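Below is one structure; the comments refer to it alone.
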2 protein chains.
Amino acid sequence: MPISASQRRSLAQAPRCQTCSLSSLCLPLALQIEDISQFDAIIRRRAPLKKGEALFHQGERFSSVFAVRSGSLKQVTSEGNGEDQLTNFYLPSELVGLDGIDDECYPGSVVALETTTVCEIPFKHLDALSEQLPELRGQLYRSMSKELRDDRRMMRLLSRKTADQRLATFLTTLSDRFRRRGYSPYSFRLSMARADIGNYLGLAVETVSRILSRLQSQQVVAVSGREVNILDMPRLITLADEETPT
Amino acid sequence: MPISASQRRSLAQAPRCQTCSLSSLCLPLALQIEDISQFDAIIRRRAPLKKGEALFHQGERFSSVFAVRSGSLKQVTSEGNGEDQLTNFYLPSELVGLDGIDDECYPGSVVALETTTVCEIPFKHLDALSEQLPELRGQLYRSMSKELRDDRRMMRLLSRKTADQRLATFLTTLSDRFRRRGYSPYSFRLSMARADIGNYLGLAVETVSRILSRLQSQQVVAVSGREVNILDMPRLITLADEETPT
DNA sequence: CGGTGCTTTGAGTTTGTTCAACTACCGTGG
DNA sequence: CCACGGTAGTTGAACAAACTCAAAGCACCG
């Protein structure tokens, strides 16, 4: 009797950092071969998350950070009485959970937007290993620093940009992230619903929908459901960055 | 001839972490006495900044982080064409410049709001020392993580809260930061102009002014120029957190 | 097929902005 | 000491961008 696909995978093809296609983007990016195997040893592989499943819930005790291997996730924070706030989308190679280090619990839930696999990196081990491997430590500092920088950009978007600029920025940023990962920057599929986009950008769903329609009628993008084609990238970039004319 | 005050200070009273009143809040907070002196050795003291002076400018090469010793600062990012975005205020014991680690230049200018002294901590040395002192490393991770968490809260404020809620949140947050530093949480002086508050909160100056007036007429706070007295803290907290009634 | 959830579109409303004028405050120089 | 000028803050009125509410269209799935 032939072994099942999943059995075969766990025997012959257990994922390893050394063979991971994301190695040039992910945390161990600065490490030597021999150090990567040390890093690899502390990683815990996880069963894939199905769409809608949570990687962890808000308030749960912090123990690990996670590197996205495939798929995508959203981070949602529900503060007190108010409704939820979607604070981030995560794509492959990105690090999830860094904001839980300080008070040792996760400040938001992280939920898969599609079938998603992650590598779990127990923070205690990561910290210990970062003592021995200066490059790893540096990379960890850089990851957090980058996230801080991205947050500042997001604040600017939320406090100064018009709805059109927000959507244009959202699309160009996504496009760029796909490009870096080797996918087409012009044609991609949104893994999140309109409601998620609206929540993330501080806009009503209806506004998101309306603006996408307008961008489409202006031949800047072609949108069909969650499929996006960017037809006029320079124009989209201009829209994203232009100062509000008064 | 008696020596001058400044001479006396530099001789007998050179500031040191061991005697700093902020030691329970600042980076070395988790260190043993003997380790603090190691940390102290890498710190560079700086001449005080005058109001309006920049600690560093956007785009300058990143080399150090800074701990605020006294006074306060604002971080301003001017992205491309658009106008400036004020992304943060810094109070004593807080760490400035962490968002510059990643791409090795400061992503925003940091400017003193009043006479301000800082301790400069060369990052290269900090990183090296963090290899030897796990507590220091942990504290650094926690500082960055906390800033990430605060950023998420700010995003929620900018994308979901009404102008009144924003002002109320701003005041309660400031109040809390003063409390932690041993100052009165009820009565304090704003070191920033109304324009700064508006820029930070994503509101027009006029809106800030109007809402402060309204809060005053409702006996929640008493505001006179930059002096603030919180008269009804529970009410202010309610205003800051309440869900928008529909 | 019928339902359920997501998306789009339309119409009226609201919150906060913009523009404009006025006031208070503070340091400077006559 | 007071007049002056400039900056910072306040207030009012009209306007606009995005929201809410409502309803219709679509697509996927059992």
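To find a chain, count down the sequence lines: A is the first, B the second, and so on, and within it residues start at 1. Remember, it's a predicted structure, so these values are computed and weren't measured experimentally.
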Indicate, with a heavy-atom threshold strictly under 4.0 Å, whether [X] touches base, sugar-phosphate, or nothing.
X: B:S213; value: sugar-phosphate
X: A:L212; value: nothing
X: A:G198; value: nothing

Would you mind reading off the distance between [X] atom [atom1] and [N] atom [atom2], rounded to a whole angstrom?
X: A:R166; N: D:dA18; atom1: CZ; atom2: P; result: 7 Å
X: B:M192; N: D:dA8; atom1: CE; atom2: C1'; result: 15 Å
X: A:I211; N: D:dC19; atom1: CD1; atom2: C1'; result: 12 Å
X: B:K161; N: C:dG16; atom1: NZ; atom2: P; result: 13 Å
X: B:Q165; N: C:dG16; atom1: CD; atom2: C1'; result: 14 Å
X: B:E83; N: C:dT18; atom1: CD; atom2: C1'; result: 13 Å

**Item:** Sub-6.0 Å ring centroid separation between A:Y200 and A:F89
**Value:**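 Yes: the rings meet the under 6.0 Å criterion.
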**Message:** Ring centroids only, cut at 6.0 angstrom: are A:Y90 and A:F66 within range, meaning strictly under it?
**Reply:**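 Distance test on ring centres: not under 6.0 Å, no.
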**Message:** With hydrogens left out and only the distance checked, is there a donor-acceptor pair under 3.5 Å joining B:R210's side chain and the base of D:dG12?
**Reply:**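 Indeed there is one.
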**Polar side-chain contact A:R214-C:dT9 base: donor and acceptor under 3.5 Å** =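 Under the 3.5 Å cut-off, the side chain and the base do not form any donor-acceptor pair.
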Checking contacts here: which listed nucleotide ([options]) is nearest the side-chain heavy atoms of [X]?
X: A:S209; options: C:dT9, D:dG9, C:dG16; value: C:dT9
X: B:L203; options: D:dC19, C:dT9, C:dT17; value: C:dT17
X: A:A193; options: C:dT7, D:dA18, D:dC19; value: C:dT7
X: B:E206; options: C:dT8, D:dT11, C:dG16; value: D:dT11
X: A:R194; options: D:dC19, C:dG16, C:dT8; value: C:dT8

**Message:** Looking at C:dT7, I'd like to know if its phosphate oxygens (OP1 or OP2) sit under 4.0 Å from a side-chain N or O belonging to A:R226.
**Reply:**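 So the side-chain polar atoms of A:R226 do come within 4.0 Å of the phosphate oxygens OP1 or OP2 of C:dT7, strictly under.
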**Message:** Contact between A:S78 and A:D84 at the side-chain level, heavy atoms closer than 4.5 Å - yes or no?
**Reply:**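 Sidechains of A:D84 and A:S78: in contact.
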**Request:** Going by the salt bridge (charged side-chain N to carboxylate O under 4.0 Å, His left out) test, name the single residue among A:R152, A:R149, A:K146 that passes it with B:D99.
**Result:**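 Considering A:R152, A:R149, A:K146, a salt bridge (charged side-chain N to carboxylate O under 4.0 Å, His left out) with B:D99 is found only for A:R152.
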**Request:** Apply side chain to side chain contact (heavy atoms under 4.5 Å, CB included) to B:L25 and B:R181, showing your working.
**Result:** CA-CA 8 Å; B:L25 296 163; B:R181 282 165 184 75; 3.8 Å; yes
